[in-house]
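This report concerns only the one structure given below.
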Amino acid sequence: MSELKALNELMAYCMQAVDSVNDGDKDALIDAIVNSRRTFIYGSGRSGLIGQLFAVRLVQLGFDVHFVGEMTTPIITSDDFTLLISNTGKTSSVVQTAKIAKRIGSKVISITGVEDSNLSRTSDVTILLDIPSDETTSRIAPLGTIFEDSAHLFFESVVCDIMEKNGITEEEMRNRHAIWV
């Protein structure tokens, strides 16, 4: 398979997955970010990296954001919002974080590729990315690549929606961008 054909197929699968997200669930995510005191994000492995990318953008938008597990992460409270990322919805550290956040009273939203999972059952809202699984997807995008790429693209669209909703300009975001002197 040519590289371009594989890339086009990957992009088509990602677009399909992002398009499958329920608008109400996306709005619930935006409202939770905008209306909570702080946002806490967690995922394991590559899902965690996608969460960190989103956390950076939220900081640039002006929100107080923390990635769970970092040494300087404060304690989650009931005034905070927790976003959890897991393709399978059964990653033990992610599910355990959801349970702890719920027990504390934090609003919990998850993004996953599996609707009926431990993570989705623990979450207040589940954002489902409809990820096909067949021979083609495992050949061009093994081990959750479509989920991770789709989640990243979905989060970037959320950034744009927040910018529009709150009247935030790219210049304002640039002024919050990390600068090393």
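Note that the coordinates shown come from a computational prediction; the quantities given were computed from them, not determined experimentally.
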Inter- and intrachain pairs under salt bridge (Lys or Arg N to Asp or Glu O under 4.0 Å), touching residues 153-165, at least two apart:
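Applying salt bridge (Lys or Arg N to Asp or Glu O under 4.0 Å) to every pair that reaches into residues 153-165, excluding sequence neighbours, yields Lys26-Asp161, Asp31-Lys165, Arg57-Glu156.
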Only pairs at least two apart or in different chains count here, so list each salt bridge (Lys or Arg N to Asp or Glu O under 4.0 Å) that has a residue in residues 92-107.
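Matches after skipping sequence neighbours: Lys102-Asp124.
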From Ile76 CD1 over to Thr97 OG1, what is the distance, rounded to the nearest 0.5 angstrom?
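Reported to 0.5 Å precision, the distance equals 7.5 Å.
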For [X], which residues count as a side-chain hydrogen bond (donor to acceptor under 3.5 Å, both in side chains) partner, sequence neighbours excluded?
| X | answer |
| --- | --- |
| Ser47 | none |
| Asp25 | none |
| Ser117 | Ser120 |
| Thr91 | Ser86 |

In chain order, what residues pass the side-chain contact (heavy atoms from CB on, under 4.5 Å) check against [X], with sequence neighbours excluded?
| X | result |
| --- | --- |
| Leu53 | Ile50, His152 |
| Glu70 | Gln52, Phe67, Thr73 |
| Val56 | Gln60 |
| Val18 | Ser150, Leu153, Phe154 |

Restricting to salt bridge (charged side-chain N to carboxylate O under 4.0 Å, His left out), what partner residues turn up for Arg121, sequence neighbours left out?
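Partners of Arg121 under the salt bridge (charged side-chain N to carboxylate O under 4.0 Å, His left out) test: Asp116.
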Contacts of type salt bridge (charged side-chain N to carboxylate O under 4.0 Å, His left out), residue Asp80, not counting sequence neighbours:
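Residues passing salt bridge (charged side-chain N to carboxylate O under 4.0 Å, His left out) with Asp80: Arg37, Arg38.
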